[in-house]
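Atoms within each ligand, like the ligands themselves, are counted from 1 in listed order. Every heavy atom of this structure was used, including side-chain atoms; hydrogens, water molecules and symmetry mates were not.
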Amino acid sequence: MSYLMPNYAPLAVTFVKGDGCNLIDDKGDIYLDALSGVAVTGLGHAHPKISKVIQSQSQKLLHTSNWYQIQHQETLAETLCKLANMDGAFFCNSGAEANEAAIKITRLHAHANQIDNPIILTAKQGFHGRTMATLSATGNSKVQAGFSPLVSEFIHINFNDIEAIQAYENNPQISAVMLEPIQGESGVIVPDDNYLNQVQDICHKNNWLLILDEVQTGIARTGKMFAHQYNQITPDVLTLAKGLGNGVPIGACLAKGKAAKLLTPGTHGSTFGGNPLVCRVALEVLDIIIQDNILHNVNLMSDYITARFTDQLKNVDSVLQIRSKGLMIGIELNKDCSQLLQQALDKKILINITGRTIRLLPPLIINKEQANKIVDTICQLVKEL
Ligand SMILES: *Cc1c(COP(=O)(O)O)cnc(C)c1O
């Protein structure tokens, strides 16, 4: 029996070690990781440079609290703000917490504009986390089931439907639009090319904040440092987590202009958030991404993997659509495929199934040989389904 609460249902495998794109279990079997701990370990497992900074920082200083200045936190804030064209950063420990900060910023923005009961427009099938506010923002009844009463300020609109947002333009309570640039948890849903540009225009016109949740799409995952850079727009608030620490827990809420000034002393905080260790690691992650030209590999491998899937699955009836942006890849089938999770594991590959979509989030450092193994194994399993 287990003393863990039964909120997860883990597969029957225990990994004890990792090495680049591989994971090794307690029996010594080697698996290819095509999931990266859900878009977290983009630079692979046991990256030598990351191990080294964890060791050296732990020998200096792990934690002091935010009641004192933290040099690595200042540097990380500056680095992220310059990369994302933002003006201010708040650090926390997860994606949900980054979105909580974004929601609190929206309330301050609304109250500064005499809106007493602000509403945030969010998308159906979106995912923003598991805290009470972020699960209320999440447009998925499965995530919300059992947890009523929800935080009531969210209205869920259809994703990639600009008219659905326009319909709220004369509602004086709306204060923000909060979206993932590409919906991850619901199966790599990529909107039309100019959707986010249109959303930004509406937000500007109405003094609404544009909050982009790049917890999954950020940090080079989609072939740009941030997915919204495909649209050449600048959100008012940008949330990050997953890939930022390569496995060390860190979240960030970045903001631009007026939105970056709203959290004043005493209004928000986190004991662990932005401690010297996690900030040092995140700085190393960003440095490796730039020094090793990781974006080049992401785009190369994205094109390669997508082309191979498209070719091998072109005459397979069960395949409805292959979607990809960088190394976020979704293969949607016309039938249930939940058994593929265990079947892929038996073939020593880690994947994810969400609804009827096979979702792949391979490490950003994946090579052609590893990509071939993933594509060939999945195509074989899909054909046999
Ligand atoms: C994973 C995810 C979150 C939640 O992040 P946690 O670190 O699990 O709290 C929020 N938004 C998006 C888009 C995510 O993919």
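Shown in contact with Q216 at under 4.0 Å from a heavy atom are these atoms of ligand 1, numbered in order with element: 15 (O). Counting the atoms of ligand 1 from 1 in the order shown, those under 4.0 Å from a heavy atom of D213 are 10 (C), 11 (N), 12 (C), 13 (C). Atom numbering of ligand 1 starts at 1 in the shown order; those under 4.0 Å from a heavy atom of G95 are 5 (O), 6 (P), 7 (O), 9 (O). For ligand 1, the atoms lying closer than 4.0 Å to a non-hydrogen atom of N99 are 10 (C), 11 (N). Within the listing of ligand 1, atoms 13 (C) sit less than 4.0 angstrom from a heavy atom of E180. Atom numbering of ligand 1 starts at 1 in the shown order; those under 4.0 Å from a heavy atom of S94 are 7 (O), 9 (O).
T357 and T354 form no side-chain donor-acceptor contact under 3.5 Å, judged by distance and modelled atom types alone. A donor-acceptor pair shorter than 3.5 Å cannot be found between the side chains of D193 and Y230.
In this structure, atom 15 (O) of ligand 1 has protein heavy atoms in its sub-4.0 angstrom surroundings.
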Self-check item: Pair D376-R308, salt bridge (charged side-chain N to carboxylate O under 4.0 Å, His left out): steps then yes or no
Solution: CA-CA 9 Å; D376 293 344; R308 287 210 58 194; 2.7 Å; yes
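Any N or O atom pair closer than 3.5 Å counts here, and F127 shares at least one such pair with ligand 1. Between A96 and ligand 1, at least one pair of N/O atoms sits closer than 3.5 Å.
Salt bridge E369/K373: absent, no basic N to carboxylate O contact under 4.0 Å. A salt bridge links K82 with E78; the closest basic N to acidic carboxylate O contact falls under 4.0 Å.
Taking each of E214, H128, E185, K242 in turn, the one with a heavy atom nearest to atom 10 (C) of ligand 1 proves to be H128.
Under the 30°/60° scheme for interplanar angles, the aromatic rings of F15 and Y31 are found to stand perpendicular.
Atom NZ of K383 has more than 12 neighbouring heavy atoms from other residues, nucleotides or ligands inside a 6.0 Å radius.
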